[in-house]
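The block underneath contains the structure these notes are about, expressed in structure tokens.
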Amino acid sequence: IAPGSKAFGTIENLTSQNQIFSIQSGVGTAPGNYSPVANLTWGNPNQTASSTTQTYTLQVLPNPQMQFTETFNKTSIWHGTTNYTYVIVNATGNSNSTGITLACQSGDLCTNLTVSFNESNIYIEAGNTTSIEVTITVPQYTTPTTYTGTINATTSNRNVSMTLNVTVPTDDSWTIT
């Protein structure tokens, strides 16, 4: 609550003073109803004190949010092999992120290589993270280059994406048959 308090000083008869207070919920405030109480105290002209209390009801709504931590967004895989990397998804809102699905959405990574995820319908508690294994298969004789794709994490109310880069190195080995 800002400001935390306000002193008005003397208020003359038939005049008024106003103060707007801002109430913000902190990061991670759980959904629910909250009841902040305002206490107003004043001195009367006859030197007595008076006060009143006003209770307000505030509702903090659920706000499931998520984001990627792009720690493992680059990897190198030889053609004709399968390798693994990870994506880390954070539940950054004030309520759990549920029903998360991952997909390789777009880019030459998604069309030229095989990308799959070891989990579906993912559940992450608010404030926590989960690491999801990504399996990437590079077909034999894939052109050596860096393949780029967009990985999406989707729920019923949120969509976030990250870029994943996979380099297929040049294979200078020889095979004699």
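- Between N165 and T146, the side chains place no donor N or O within less than 3.5 Å of an acceptor N or O (distance only, hydrogens not considered).
- Between the N94 side chain and the N63 main chain, a donor and an acceptor come within less than 3.5 Å of each other.
- Counting only residues at least two apart or on different chains, no disulfide (SG to SG under 2.5 Å) pair has a member in residues 129-177.
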Inset, instruction - For the pair Q59 and T57, evaluate side chain to side chain contact (heavy atoms under 4.5 Å, CB included) and give the outcome as yes or no after the intermediate values. - result: CA-CA 7 Å; Q59 184 180 25; T57 300; 5.9 Å; no
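- In the displayed structure, Q24 atom CD is contacted under 6.0 Å by at most 12 heavy atoms of other residues, nucleotides or ligands.
- Pairs engaging residues 107-154 under the disulfide (SG to SG under 2.5 Å) rule: C104-C110 [sequence neighbours left out].
- Taking 4.5 Å as the limit, every side-chain heavy atom of S76 sits out of range of all side-chain heavy atoms of V166.
- Separating the CG atom in N159 from the OG1 atom in T101 is a distance of 8.5 Å, to the nearest 0.5 Å.
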Inset, instruction - Start with the C-alpha gap between T130 and I122, add the side-chain angles, then the distance that decides, and say whether side chain to side chain contact (heavy atoms under 4.5 Å, CB included) holds. - result: CA-CA 9 Å; T130 193; I122 301 159; 4.0 Å; yes
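- Contacts classified as side-chain hydrogen bond (donor to acceptor under 3.5 Å, both in side chains) and involving residues 5-16 (residues at least two apart or in different chains) are not found.
- In the hydrophobic clustering of ILVMFWY residues, with side-chain heavy atoms under 4.5 Å counting as a link, F117 and I77 come out together.
- Within 6.0 Å of CG in L61 there are more than 12 heavy atoms belonging to other residues, nucleotides or ligands.
- Partners of Y141 by ring pair (Phe, Tyr, Trp, His ring centres under 6.0 Å), not counting sequence neighbours, listed by chain and number: H79.
- A donor-acceptor contact shorter than 3.5 Å is absent between the side chain of N39 and the backbone of T53.
- The side-chain contact (heavy atoms from CB on, under 4.5 Å) search around N90 returns Q67, T69, I88, T92, T129, not counting sequence neighbours.
- For the residue pair N152 and Q105, the shortest heavy atom distance occurs at ND2-CG, 3.2 Å.
- Interatomic distance, OG1 of T81 versus CG of D171, reported as 10.0 Å (0.5 Å rounding).
- Applying the side-chain contact (heavy atoms from CB on, under 4.5 Å) rule to S106 yields the partners T150; only residues at least two apart in sequence or on another chain are considered.
- Counting only distance, with no hydrogens or angles, the side chain of N128 and the backbone of I124 share no donor-acceptor pair below 3.5 Å.
- Applying the disulfide (SG to SG under 2.5 Å) definition to pairs two or more places apart or across chains, none involves residues 139-177.
- Atom-to-atom distance recorded for T111:OG1 and Y147:OH is 9.0 Å, nearest 0.5 angstrom.
- If you chain together hydrophobic residues whose side chains sit under 4.5 Å apart, V134 and M162 fall into the same group.
- For T52, the side-chain contact (heavy atoms from CB on, under 4.5 Å) test picks out L40, W42, with sequence neighbours left out.
- Applying the ring pair (Phe, Tyr, Trp, His ring centres under 6.0 Å) test to pairs two or more places apart or on separate chains, none has a residue in residues 14-39.
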Inset, instruction - Could you walk me through whether N83 and I136 pass the side chain to side chain contact (heavy atoms under 4.5 Å, CB included) test, one step at a time? - result: CA-CA 5 Å; N83 209 337; I136 304 165; 5.7 Å; no
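- A153 is linked by a side-chain contact (heavy atoms from CB on, under 4.5 Å) to M66, F68, I100, L102, V160, counting only residues two or more places apart in sequence or in another chain.
- Atom-to-atom distance recorded for L164:CG and L109:CG is 5.5 Å, nearest 0.5 angstrom.
- Heavy atoms only, all atoms of each residue included: P64 and S97 are closest at CB-OG, 4.2 Å.
- When only modelled atom types and interatomic distance are considered, T98 and N96 share no side-chain donor-acceptor pair under 3.5 Å.
- The stretch residues 134-177 participates, sequence neighbours left out, in no disulfide (SG to SG under 2.5 Å) pair at all.
- In terms of modelled atom types and a separation under 3.5 Å, the side chain of N44 and the main chain of N46 share no donor-acceptor contact.
- Side-chain heavy-atom separations under 4.5 angstrom define the hydrophobic clusters, and the remaining members of the one that includes F8 are I11.
- Side-chain N or O atoms of T155 include one that pairs as donor or acceptor with a backbone N or O of N157 at under 3.5 Å.
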